[in-house]
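The structure appears right after this line, and notes come after that.
Counting starts at 1 for both ligands and their atoms, following the listed order.
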Amino acid sequence: MSKIRMTTPLVEMDGDEMTRIIWQQIKDIIILPFVDLKTEYYDLGLAHRNETDDRVTIDSANATKRLGVAVKCATITPNADRVSEYNLKQMWKSPNGTIRAVLDGTVFRTPIVVKGITPYVPNWKSAISIARHAYGDVYKASEVRVPAGAKAEILVTDKDGNQTKTLIHDFKTAGVVQGMHNIDISIESFARSCFNYALELKQDLWFSTKDTISKTYDHRFKDIFAGIFENEFKNLFEKAGIEYFYTLIDDAVARVMRSEGGFIWACKNYDGDVMSDMVANAFGSLSMMTSVLVSPDGVYEYEAAHGTVQRHYYRYLKGEEPTANPIATLFAWTGALRKRGELDGLAELSDFAQRVEKCCIETVEDGIMTKDLCLISTLGNKKQVNTADFLIEIASRI
Ligand code: NAP
Ligand code: MG
């Protein structure tokens, strides 16, 4: 059998712990037997990030800018424990944060829906993707504890030195104050990433903020989205038969619960943080959540939403067989291969990605799954398999 051809390499970002093992298994069992795989390989494993003073992470992000599509394995974000465990030169930053800063993108998270793993919300029939704005607001705020009798004001000094003051509060008793910001260009990138992704998925886009209360701050988000939609995307949305609508966050929450799913919900930074955890859990499992970073100029980086599954890795080091669920990482690969196929006009490659996803879902729906899914699946005829056997079963169906 001749293998499926690729013309442009994927940026391959290898990672850490259990997911690094799964990464290799996916390549060996599912991809390499069928695809003449071309990748530009970057080892983002913590040891190599440390050796290169984290240069490798920046290089991999720049390569993604150049080549357009990346697939990333989960990576350790070091904390104090990791600094001693890996004998690190310093507590390197989160690779995802570094990559996002280079690509300036928006992260979309989408659950993989299969029969037998029933959403806790019974009327949700298809996936809801959450788009979270990843800049500013409470995540880049300054906070101060304020004593009784103090007055807090917002002071803005423009470039000519003119000052405007806005009263926040006259503190008769002690309290707290917080100052946060956002910038137009970041909101504009966020809006464009969302509109482009909606066109790609051919799904409606919802956007919600609290503009009735936040009449300047949140209202700015609403206006920027409306302006960009009107000027750049309205016709494209009409042609694609999809809709953009803005609504108040309270109304969005109520509608989401009553919906059947199958749309993208764009959220401000904090709302997206909270709502993506809600949606992921309500759909059933973290191990079934995919994630893609889409930059405003159309660069894509695919990964699983979960981490390196550390506890499983320590058991693996003691000699236990890998039993972690590879589905979200597999879908990162298929997402990247499909996108590469689309961009390079290689229908065979895109079809292969589609087929792998279909075979994977059929395998689970036929009752063959890893332990985490076995625990929650409502199917009657379940068979629990380890990671490799699960992948071998999928491969046999391709
Ligand atoms: P995690 O790796 O997502 O795992 C949390 C727990 O969820 C696991 O212990 C496991 O539960 C379950 N789980 C997650 N994925 C699974 C899978 N594929 N199959 C089976 N079970 C799965 O999160 P964490 O333990 O908080 O973080 C571990 C490391 O990952 C950290 O160093 C963190 O920095 C990193 N991290 C990286 C990313 C990223 O690269 N995008 C994201 C998050 C975290 P049981 O142990 O109960 O089976
Ligand atoms: Mg969160």
Inset, instruction - Return the minimal non-hydrogen interatomic distance between Pro78 and Leu88, and the atom names on each side. - result: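 The pair with the smallest heavy-atom distance is CB-CD1, 3.8 Å.
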
Legend entry - Arg132 side-chain N/O to Asn269 backbone N/O, donor-acceptor pair under 3.5 Å: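 Yes, the answer is positive, given that a donor and an acceptor are paired below the 3.5 Å cut-off.
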
Inset, instruction - Given ring-ring contact (aromatic ring centres under 6.0 Å, His included), test Tyr244 with Phe237 step by step and report yes or no. - result: CA-CA 8 Å; Tyr244 165 64; Phe237 268 53; 7.1 Å; no

Legend entry - Side-chain heavy atoms of Val253 within contact of Met275, under 4.5 Å: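 The answer is yes, as the side chains (C-beta and beyond) meet within the 4.5 Å cut-off.
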
Inset, instruction - First locate atom CZ of Arg397, then atom NZ of Lys358, and finally report the distance between them rounded to the nearest 0.5 Å. - result: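 Here the interatomic distance stands at 10.0 Å.
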
Legend entry - Glu143 atom CD: more than 12 heavy-atom contacts under 6.0 Å: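 More than 12 heavy atoms, drawn from other residues, nucleotides or ligands, come within 6.0 Å of this atom.
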
May I have the N/O to N/O pairs between ligand 1 and the protein that fall below 3.5 Å, each with atom names and distance to one decimal?
{"from": "ligand 1", "atom 1": "2 (O)", "to": "Gly307", "atom 2": "N", "distance (Å)": "3.4"}
{"from": "ligand 1", "atom 1": "2 (O)", "to": "Thr308", "atom 2": "N", "distance (Å)": "3.1"}
{"from": "ligand 1", "atom 1": "2 (O)", "to": "Val309", "atom 2": "N", "distance (Å)": "2.7"}
{"from": "ligand 1", "atom 1": "3 (O)", "to": "Gly307", "atom 2": "N", "distance (Å)": "2.7"}
{"from": "ligand 1", "atom 1": "9 (O)", "to": "Arg311", "atom 2": "NH2", "distance (Å)": "3.3"}
{"from": "ligand 1", "atom 1": "18 (N)", "to": "His306", "atom 2": "NE2", "distance (Å)": "3.3"}
{"from": "ligand 1", "atom 1": "18 (N)", "to": "Asn325", "atom 2": "O", "distance (Å)": "2.8"}
{"from": "ligand 1", "atom 1": "19 (N)", "to": "Asn325", "atom 2": "N", "distance (Å)": "2.9"}
{"from": "ligand 1", "atom 1": "30 (O)", "to": "Thr308", "atom 2": "N", "distance (Å)": "3.0"}
{"from": "ligand 1", "atom 1": "30 (O)", "to": "Thr308", "atom 2": "OG1", "distance (Å)": "3.2"}
{"from": "ligand 1", "atom 1": "32 (O)", "to": "Arg82", "atom 2": "NH2", "distance (Å)": "3.0"}
{"from": "ligand 1", "atom 1": "34 (O)", "to": "Thr77", "atom 2": "N", "distance (Å)": "2.9"}
{"from": "ligand 1", "atom 1": "40 (O)", "to": "Lys72", "atom 2": "NZ", "distance (Å)": "3.4"}
{"from": "ligand 1", "atom 1": "40 (O)", "to": "Thr75", "atom 2": "N", "distance (Å)": "3.0"}
{"from": "ligand 1", "atom 1": "40 (O)", "to": "Thr75", "atom 2": "O", "distance (Å)": "3.4"}
{"from": "ligand 1", "atom 1": "40 (O)", "to": "Thr75", "atom 2": "OG1", "distance (Å)": "3.4"}
{"from": "ligand 1", "atom 1": "41 (N)", "to": "Asn96", "atom 2": "ND2", "distance (Å)": "3.4"}
{"from": "ligand 1", "atom 1": "41 (N)", "to": "Glu303", "atom 2": "OE1", "distance (Å)": "3.3"}
{"from": "ligand 1", "atom 1": "46 (O)", "to": "Arg311", "atom 2": "NE", "distance (Å)": "3.3"}
{"from": "ligand 1", "atom 1": "46 (O)", "to": "Arg311", "atom 2": "NH2", "distance (Å)": "3.2"}
{"from": "ligand 1", "atom 1": "47 (O)", "to": "Arg311", "atom 2": "NH2", "distance (Å)": "3.4"}
{"from": "ligand 1", "atom 1": "48 (O)", "to": "His312", "atom 2": "NE2", "distance (Å)": "2.8"}

